[in-house]
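Just follow the structure's listing: the first ligand is 1, and inside any ligand the first atom is 1. Everything quoted here is computed from the prediction, not taken from an experiment.
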Amino acid sequence: MTILIRPFESGDLDSVVQIENQVFTTPWSKQSFLDCSRWPEFWFRVAEQNKKVVGYFVAQVVPPEAELHNIAVDPAFQKKGVGRLLLSHLLTEIKKVGVKDVFLLVRPSNIAAIHLYQQFEFCLLDKRPRYYEDTKEDALIFYKALDT
Ligand SMILES: CC(C)(COP(=O)(O)OP(=O)(O)OC[C@H]1O[C@@H](n2cnc3c(N)ncnc32)[C@H](O)[C@@H]1OP(=O)(O)O)[C@@H](O)C(=O)NCCC(=O)NCCS
């Protein structure tokens, strides 16, 4: 399947929010995505297949650091390599602008995401106790150093 990764456009908003609501128990609002799309330090990219948005990520990029705030793939398109493509794109592009350290938070129960991050050699840096309000789960802080 041919996947294009490109910057978010306003016409993608409904598709993004639809995916977001399907995959997260505490989804971002439409307004949160719009706010991120207006700030250059937030990189908001979508994965498109045949003109259909099938995934996205939002990362805050302030070299030498970046934080991945959101990444998701439409359930109908999961386990086909789209998440890997999105993360690979992000890591390649942020390296070009001088990012050295990448951080993200993930729920310990999110096995799919943890496996994805481990594939890219993210490692566990720390925990934020009872970070998630709905389940009171800790947040795992994952970190990756980008080689020069
Ligand atoms: C996490 C997510 C983005 C992965 O996207 P995806 O397109 O399904 O992932 P890929 O097909 O690219 O898989 C890449 C790797 O992720 C891991 N992975 C993906 N789905 C998995 C699953 N259901 N169980 C275990 N590992 C999984 C595997 O290591 C996989 O590599 P492999 O194919 O060699 O086994 C997707 O599951 C998703 O949208 N989840 C809901 C949103 C979410 O939790 N986002 C992360 C918040 S921290």
Side-chain angles (χ1 to χ4, degrees), residues 1-9 11-37 39 41-62 65-96 99-147:
M1 95 180 145
T2 307
I3 302 281
L4 169 72
I5 311 244
R6 61 161 176 79
F8 167 85
E9 295 165 3
D12 303 323
L13 188 59
D14 287 344
S15 305
V16 166
V17 170
Q18 201 178 351
I19 296 172
E20 178 79 8
N21 287 334
Q22 278 180 277
V23 301
F24 289 113
T25 49
T26 53
W28 285 18
S29 65
K30 200 174 244 196
Q31 192 59 47
S32 301
F33 283 108
L34 272 179
D35 291 345
C36 288
S37 72
W39 289 93
E41 72 183 49
F42 284 91
W43 289 22
F44 188 179
R45 306 283 186 266
V46 300
E48 183 186 274
Q49 188 197 24
N50 295 335
K51 308 276 180 204
K52 178 180 166 57
V53 173
V54 296
Y56 52 87
F57 70 73
V58 177
Q60 192 173 7
V61 182
V62 185
E65 291 186 6
E67 182 168 348
L68 177 60
H69 287 291
N70 198 338
I71 182 167
V73 174
D74 181 333
F77 290 82
Q78 287 180 7
K79 300 195 84 175
K80 296 175 194 296
V82 179
R84 189 167 31 235
L85 211 59
L86 282 162
L87 190 52
S88 167
H89 176 93
L90 172 67
L91 296 175
T92 304
E93 294 304 310
I94 59 181
K95 199 170 168 180
K96 290 180 190 166
V99 169
K100 307 279 183 222
D101 305 304
V102 192
F103 301 88
L104 60 86
L105 299 182
V106 62
R107 291 176 191 252
S109 59
N110 195 342
I111 301 302
I114 289 171
H115 281 186
L116 172 66
Y117 303 141
Q118 285 174 339
Q119 252 189 22
F120 284 85
E121 297 174 335
F122 277 83
C123 55
L124 180 63
L125 184 69
D126 206 346
K127 288 180 185 179
R128 286 199 190 148
R130 298 169 67 83
Y131 177 82
Y132 293 102
E133 289 195 355
D134 56 345
T135 57
K136 311 293 180 211
E137 271 181 284
D138 297 345
L140 304 181
I141 305 172
F142 271 49
Y143 167 76
K144 178 179 170 67
L146 290 180
D147 304 322

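- Under a 4.0 Å criterion applied to the non-hydrogen atoms of Lys79, ligand 1 contributes the atoms 6 (P), 7 (O), 8 (O), 11 (O), 20 (N), 23 (N).
- Enclosure of atom CZ in Arg130 is not indicated, since only 12 or fewer non-hydrogen atoms of other residues, nucleotides or ligands lie within 6.0 angstrom.
- Proximity of Phe142 to ligand 1, defined as any heavy-atom pair under 4.0 Å, is not found for any part of the residue.
- The number of heavy-atom neighbours closer than 6.0 Å to CD of Gln18, taken from other residues, nucleotides and ligands shown, is 12 or below.
- Put simply, the side chain of Trp28 reaches to within 4.5 Å of the side chain of Val58, judged on heavy atoms.
- Among all non-hydrogen protein atoms, the one lying nearest atom 4 (C) of ligand 1 is Leu116 CD2, 4.1 Å.
- Those atoms of ligand 1 that come under 4.0 Å of a heavy atom in Lys80, given as number and element, are 11 (O).
- Here the rule is salt bridge (charged side-chain N to carboxylate O under 4.0 Å, His left out) with Lys52, and of Asp12, Asp74, Asp14 only Asp74 fits it.
- For the pair Leu90 and Phe120, the minimum side-chain heavy-atom distance is 4.5 Å or more.
- With sequence neighbours excluded, the residues forming a side chain to side chain contact (heavy atoms under 4.5 Å, CB included) with Tyr131 are Leu105, Arg128, Ala139, listed by chain and number.
- Here is the list of ligand 1 atoms found below 4.0 Å of a heavy atom in Tyr117: 46 (C), 47 (C), 48 (S).
- Nearest residue to atom 47 (C) of ligand 1 from Leu85, Ile19, Asn110, Leu86 is Asn110 (criterion: closest heavy atom).
- For the ligand labelled ligand 1, residue Leu68 lies outside the 4.0 Å heavy-atom shell.
- For Ile71, a nitrogen or oxygen atom sits less than 3.5 Å from a nitrogen or oxygen atom of ligand 1, counting backbone and side chain alike.
- When only modelled atom types and interatomic distance are considered, Thr26 and Asp134 share no side-chain donor-acceptor pair under 3.5 Å.
- Of the protein's heavy atoms, His115 ND1, 3.4 Å lies nearest to atom 25 (C) of ligand 1.
- Near Val82, the atoms of ligand 1 lying under 4.0 angstrom from a non-hydrogen atom of the residue are 7 (O), 12 (O).
- Counting protein heavy atoms only, atom 11 (O) of ligand 1 is closest to Gly81 N, 2.8 Å.
- Remark: ligand 1 atoms within the under-4.0 Å shell around heavy atoms of Leu105 are 48 (S).
- Relative ring orientation between His89 and Phe57 is described as tilted, the plane-to-plane angle lying within the 30° to 60° band.
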Applying ring-ring contact (aromatic ring centres under 6.0 Å, His included) to Phe33 and Phe44, what does each step give before you reach the verdict? CA-CA 8 Å; Phe33 283 108; Phe44 188 179; 5.6 Å; yes
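- Between the side chains of Asp101 and Tyr143, at least one donor N or O lies within less than 3.5 Å of an accepting N or O.
- Using a 4.5 Å heavy-atom threshold, the side chains of Lys127 and Leu140 count as touching.
- The protein atom (non-hydrogen) at minimum distance from atom 41 (C) of ligand 1 is Val23 CB, 3.7 Å.
- Where the criterion is an N or O separation shorter than 3.5 Å, residue side chain and backbone included, Ala72 fails it with respect to ligand 1.
- In terms of N/O distances under 3.5 Å, ligand 1 is approached by Gln119.
- Closest to atom 27 (C) of ligand 1 among all protein heavy atoms lies Ala112 CA, 3.6 Å.
- Remark: minimum distance from atom 33 (O) of ligand 1 to any protein heavy atom is reached at Arg84 NH1, 3.6 Å.
- At the top of the distance list for atom 38 (C) of ligand 1, counting protein heavy atoms only, stands Gln78 NE2, 3.4 Å.
- Protein heavy atoms are absent from the space less than 4.0 angstrom from atom 2 (C) of ligand 1.
- Atom 39 (O) of ligand 1 has Val73 N, 2.8 Å as its closest protein atom, hydrogens excluded (heavy atom only).
- In terms of N/O distances under 3.5 Å, ligand 1 is approached by Gly83.
- For Ile111, no nitrogen or oxygen atom sits less than 3.5 Å from a nitrogen or oxygen atom of ligand 1, counting backbone and side chain alike.
- Lys144 places no side-chain N or O within 3.5 Å of a backbone atom of Leu104 that could act as its donor or acceptor partner.
- Using a 4.5 Å heavy-atom cutoff, the side chains of Thr25 and Tyr132 are not in contact.
- Heavy-atom minimum distance, Val46 versus Leu86: C-CD2, 4.5 Å.
- Neither the backbone nor the side chain of Gln118 comes within 4.0 Å of ligand 1, counting heavy atoms alone.
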